[in-house]
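Each remark here refers to the structure printed beneath this line.
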Amino acid sequence: MTAEHPSPDLSFEQVDPVYRAFIEDYLRLHGVDPVKFCKPLPGQDEMFFNAILPNYEFDSSISAFKFVESAMRLGEAYRQIAEGVFGGFDKLGTVLDFASGWGRLTRLLEQRLRPDQIYVADIYHQAIDWQVATFGVNGVHSAKDPAVFDHAGKHDIVLVGSMFSHLPTELFHQWLERLYRLVGPRGVLAFSVHDEAILPAGEVMDASGLHYLRFSESSSLDLDIYGMSYVTEAFVGAAIARLAPGLSWRRFPKGLYENQDLYVVGAPGVDLSGLTLASSPMGGFESVATLSNGDLEFSGWAIERTPGATISQVSVHVGGAPVLSVVPGIERPDVLKHFPGSANAPVGWSFRLSRDQAQAGATVRAHLQSSSGLTGYCYARAPEPATFTYSGWSRRALR
Ligand SMILES: C[S@@+](CC[C@H](N)C(=O)[O-])C[C@H]1O[C@@H](n2cnc3c(N)ncnc32)[C@H](O)[C@@H]1O
């Protein structure tokens, strides 16, 4: 896909029915209406077509599931900010999703807030126009230059997901200053970055604390304004200190997406010292084997990225009903390379189900239950008796 030749839109109707069933179940577990959420993915969405899809070998069904998973993880972080800072979604005024792209978060937020409470902004004006037309939210066109970005609103939550992680030094400071001015008196600015812990091998952090690489998933944004940047906490702390003296701010390692750190900065006088925010546990099935007695043995991996938390158990549901639970006890150092700089070691788990427990075609759902209070979910389908097979998608789900 290029800016001139976008992919065709991806409708969820095109997704393999097995994955569609996983997606619908997953959304319902999070209290999200699948019909409203599963609007087609616009072919110009670079986040989906240039980042997620190639990561899953251009399998659109797996990628659609991964898109939904990532949206729910984003939603879980957002929920914790809404609850931890304001006491819940019903206490929020207006919110701005800056660098919203094509509205991965809007699909969820429109189910939590009224459309007139939601503002979205992006340099891709067609993405904003699509969101305005599709969700009825307020759209703001952004610009390359923060000085000409024209928006005067004040918001309770200004979220900037995965934009500061792509900015060179000067723009980092300029956008931080510009977006902080949009935070209302009781509000917060929340933004994600690539921490130095995930600096690619062979790269060396600059003395300034921001290291900028001239590549990105975007096929149209100029590399002078959007590449890949990696920062130290000292760099971000100093950038926040330039906004105003004595601001309360917190860093949540791996707080957003798979590997980005989330920083939350309060408006003057807003104390964030009590804010807690955990990352959703991640994991997936990797194999299912049919044993000689016909039982099925499933195995998979999981990682808890929240410092100090652990995945205490994996509970297994078949067709929606709980069947058994296991404590993950296998070391999986091979998984760590996908989660560099993670506070906790990845773990493996396995369990057996008889054919009575898991008939062919049954949906098997593993709940990765964390001591943080959050749960991750992963899915497999019980195979036909004659097959002895990997579940296929899950090995790739390691990415
Ligand atoms: C990696 S995507 C993240 C999209 C979205 N936050 C999400 O999680 O799906 C980065 C987004 O930053 C946007 N962006 C880059 N420079 C921008 C600017 N100057 N103003 C507004 N948006 C910008 C890009 O257009 C793109 O949509």
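Because the structure is predicted, anything quoted here is derived from the model rather than measured. One-based numbering, in listed order, for ligands and for the atoms of each.
Take Phe252 and apply the ring pair (Phe, Tyr, Trp, His ring centres under 6.0 Å) test, not counting sequence neighbours, and it matches no residue. For Ser325, the side chain to side chain contact (heavy atoms under 4.5 Å, CB included) partners are Gln313, Ser315, not counting sequence neighbours.
Here atom 13 (C) of ligand 1 lies nearest to Asp122 when heavy atoms of Asp122, Leu105, Leu221 are compared. Of all the listed residues (Ile123, Leu171, Leu256), Ile123 holds the heavy atom that lies closest to atom 14 (N) of ligand 1.
Here Ala121 has no heavy atoms under 4.0 Å from ligand 1, in either its backbone or its side chain. Residue Ala51 does not touch ligand 1, judged by heavy-atom distances below 4.0 Å. At a heavy-atom distance under 4.0 Å, no atom of Glu46 approaches ligand 1.
By the 30° and 60° cut-offs, the orientation of the rings of Phe172 relative to Phe164 is perpendicular. Relative orientation of the His367 and His317 rings is parallel, given thresholds of 30° and 60° on the angle between their planes. Relative orientation of the His125 and His141 rings is parallel, given thresholds of 30° and 60° on the angle between their planes. The aromatic rings of Phe65 and Phe22 sit perpendicular to each other, their planes meeting at more than 60°, with 30° as the lower class boundary. Between Phe351 and Trp349, the angle of the ring planes stays under 30°, which puts this pair in the parallel group of the 30/60° scheme.
A single hydrophobic cluster is not seen to contain both Met163 and Ile52; linkage of ILVMFWY side chains at heavy-atom distances under 4.5 Å, directly or through other members, places them apart.
Residue contacts with ligand 1: Ala143 is included, with a non-hydrogen atom under 4.0 Å away. Contact analysis leaves Trp102 out of contact with ligand 1, as no non-hydrogen atom separation drops below 4.0 angstrom.
With salt bridges taken as basic N to acidic carboxylate O contacts below 4.0 Å, one links Lys66 and Glu69. Salt bridge annotation for Arg305-Glu258: absent, with no cationic side-chain nitrogen under 4.0 angstrom from a carboxylate oxygen.
Ring to ring, Trp175 and Phe98 are close: their centroids are under 6.0 angstrom apart.
Nearest non-hydrogen protein atom to atom 10 (C) of ligand 1 is Tyr226 OH, 3.1 Å. For atom 17 (C) of ligand 1, the closest non-hydrogen atom on the protein side is Met163 SD, 3.6 Å. With hydrogens left out, the protein atom closest to atom 3 (C) of ligand 1 is Gly161 O, 3.6 Å, a heavy atom. Nearest protein heavy-atom neighbour of atom 8 (O) of ligand 1: Tyr257 OH, 2.5 Å. The nearest protein atom to atom 6 (N) of ligand 1, hydrogens excluded, is given as Ala99 O, 2.7 Å; this is a heavy-atom distance. What sits closest to atom 7 (C) of ligand 1 on the protein, heavy atoms only, is Arg104 NH2, 3.5 Å.
Ligand 1 places these atoms under 4.0 Å from at least one heavy atom of Ser142: 18 (C), 20 (N), 21 (C). Near Glu217, meaning under 4.0 Å from any of its heavy atoms, are these atoms of ligand 1: 1 (C). The ligand atoms of ligand 1 that sit less than 4.0 angstrom from a heavy atom of Ser100 are 5 (C). In the vicinity of Phe98, heavy-atom distances shorter than 4.0 Å reach the ligand 1 atoms 20 (N), 21 (C).
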